[in-house]
Amino acid sequence: MSTSAAAAAEAEAPDLVCELDSVQGIVDALTSVRWKRYQDALVELSEHGIVIIVEETSCLQAKVYLQRELFVKYEYGARGRPRFGMSLGLFVDCLNTFSVPGKSNILELRYPGPDMQLLLRSVDSPNACIYAQIRTRIPETISWDYNFEPTGATPLTFTVKSAALKEAIDDLEWPGSSIQIKLQPTPPSVIFRAEGHGDLQIEFNYYANMDLLIAFSCDRPISHRYKYKFLRATTSNIPASVLKDNRGSKFTMGRGGLLKVQHLVSVSKPSSIPHIESAGYQQPSRIAYIEFFVKPHVQEDDEEEEEQVNVVNDSQ
């Protein structure tokens, strides 16, 4: 083959061709970050796997990590890390058409197509082939840099059983729009407090609720407030499989109050029996990692200015 022909063939080669055998697991992982009907997603490809990023008004960001070990085939030929945008809802709905409950089926994903589409195709059916293509676009904005940094030598973190966490955050909807999360080392506990139309407080004491608050690390009292709608988005669509297995969801407070929430979603084959370790976690190769980043809620400057005006008026 001539040099020019080889260059042309390389130019036409796709950036990624991969196959997965647990479509429903991927649907569960993506659904967990789908907090509203219409959402745009940024997709980043690399030799290590696929990352799907969604965000809301630079206050809430979520990432789904699909490591290459989740795929039965992963052929990566791109230079650098290609990125493209697409509709998250459309992608999830499209994947659902390839998912057969209780059956393991192979789905091929290929990017890019002739017109920069994401191509999907079933490859294991002898009688029929399902084919779909999703139009992609150049991302309009670059995802914000969350710069998550620890606050000190001792991590400020806790892990709560996912079912208990979802129930607690759902209950906090009634009082108001701002939720305070407080960690205190003595006694070791986590407090969720909502204020607004009413006052509601939910406390997880580490020693009294070790079956629910399964891990805790804190060396000093600390608290931050978060908007309820953003905090609820981190748990509102936790997959039923996660709630059934009652895994733990991990919270970590970073510098400036930035909150990181992590979930683990199984993407094991429907017909297989996943390997479960004594701690209750599956082997990492069959897990999708979900991360949410929530910025703290800061009081409006208008309220501070109003207080200053009142002080000046009182002094006159």
Side-chain angles (χ1 to χ4, degrees), residues 32 60 62 148-265 276-282 287 289-299:
S32 66
L60 170 67
F148 190 86
E149 299 177 358
T151 57
T154 301
L156 301 175
T157 181
F158 61 94
T159 302
V160 183
K161 287 296 184 69
S162 298
L165 174 66
K166 177 175 171 54
E167 182 179 356
I169 292 181
D170 286 349
D171 289 343
L172 292 170
E173 181 178 13
W174 165 71
S177 60
S178 179
I179 307 297
Q180 180 190 44
I181 300 180
K182 180 179 180 180
L183 280 67
Q184 56 187 28
T186 307
S189 57
V190 179
I191 299 172
F192 292 83
R193 184 175 182 180
E195 295 178 341
H197 301 295
D199 191 340
L200 179 62
Q201 179 171 298
I202 299 175
E203 181 175 352
F204 293 96
N205 186 288
Y206 181 58
Y207 293 133
N209 304 104
M210 293 184 69
D211 56 330
L212 299 179
L213 184 61
I214 56 180
F216 182 85
S217 173
C218 175
D219 61 352
R220 65 190 184 279
I222 187 170
S223 67
H224 290 283
R225 288 190 172 275
Y226 305 90
K227 284 191 174 182
Y228 177 77
K229 66 176 182 178
F230 296 145
L231 191 61
R232 185 177 183 273
T234 66
T235 62
S236 59
N237 291 307
I238 293 180
S241 59
V242 175
L243 298 178
K244 181 180 178 181
D245 296 339
N246 210 11
R247 294 193 185 91
S249 295
K250 184 178 181 180
F251 279 60
T252 306
M253 283 187 179
R255 190 177 301 277
L258 185 63
L259 183 67
K260 177 165 69 173
V261 183
Q262 297 170 289
H263 306 297
L264 304 178
V265 178
I276 305 292
E277 298 178 354
S278 58
Y281 295 102
Q282 292 186 2
I287 291 291
Y289 296 87
I290 316 297
E291 288 186 345
F292 290 87
F293 299 91
V294 187
K295 288 186 177 180
H297 176 52
V298 180
Q299 296 293 331

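These numbers come from a predicted model, not from an experiment.
Residues satisfying the side chain to side chain contact (heavy atoms under 4.5 Å, CB included) test with K250, not counting sequence neighbours, are T157, T159, T252, Q262. Every residue meeting the side chain to side chain contact (heavy atoms under 4.5 Å, CB included) condition with S223, not counting sequence neighbours, appears here in chain and number order: Q180, K182. The side chain to side chain donor-acceptor pair (under 3.5 Å) search around R193 returns E195, D199, not counting sequence neighbours. Residues passing the side chain to side chain donor-acceptor pair (under 3.5 Å) test with S249 are S162, H263, sequence neighbours excluded. Scored by the side chain to side chain contact (heavy atoms under 4.5 Å, CB included) test, A62 finds V33, W35, V54, F292 as partners (sequence neighbours excluded). By the side chain to side chain donor-acceptor pair (under 3.5 Å) test, D219 pairs with T154, sequence neighbours left out. For S217, there are no side chain to side chain donor-acceptor pair (under 3.5 Å) partners at least two apart in sequence or on another chain. With sequence neighbours excluded, the residues that form a ring-ring contact (aromatic ring centres under 6.0 Å, His included) with F251 are F158.
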Subject >> Steps toward side chain to side chain contact (heavy atoms under 4.5 Å, CB included) verdict (R220, T151) >> reply: CA-CA 11 Å; R220 65 190 184 279; T151 57; 3.1 Å; yes
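Minimum heavy-atom separation, I238 to T234: CG1-O, 4.3 Å. Residues M253 and Y226 share a closest heavy-atom pair of CE-OH, 4.0 Å. Between L264 and V242 the shortest heavy-atom distance is O-CG2, 3.5 Å. When all heavy atoms are compared, the tightest approach of P296 to G256 is CG-O, 3.2 Å.
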Can you give me every donor-acceptor pair (side chain of residues 200-216, partner residue at least two apart or in another chain, under 3.5 Å) with its distance?
{"residue": "N205", "atom": "OD1", "partner": "Y207", "partner atom": "N", "Å": "3.1"}
{"residue": "N205", "atom": "OD1", "partner": "A208", "partner atom": "N", "Å": "3.2"}
{"residue": "N209", "atom": "OD1", "partner": "N205", "partner atom": "N", "Å": "3.2"}

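Contacts classified as salt bridge (charged side-chain N to carboxylate O under 4.0 Å, His left out) and involving residues 254-265 (residues at least two apart or in different chains) are given here: E149-R255. Contacts classified as salt bridge (charged side-chain N to carboxylate O under 4.0 Å, His left out) and involving residues 155-167 (residues at least two apart or in different chains) are given here: K166-D170.
Inter-residue side-chain proximity for L172 and R232 is flagged as unmet; no heavy-atom pair is nearer than 4.5 Å. You'll find the side chain of S32 reaches within 4.5 Å of the side chain of P239, heavy atoms only. In this structure, Y289 and E291 have side chains that are not in contact, with every pair of non-hydrogen atoms separated by 4.5 Å or more.
With rounding to the nearest 0.5 Å, the separation of CZ in R225 from NE2 in H297 is 8.0 Å. Within the model, atoms CG of L165 and OG1 of T235 stand 5.5 Å from one another, a figure rounded to the nearest 0.5 Å. Taken to the nearest 0.5 Å, the CG atom of L259 stands 12.0 Å off from the CD1 atom of I179. Note that the CG atom of L231 and the CD1 atom of I181 stand 5.0 Å from one another [nearest 0.5 Å].
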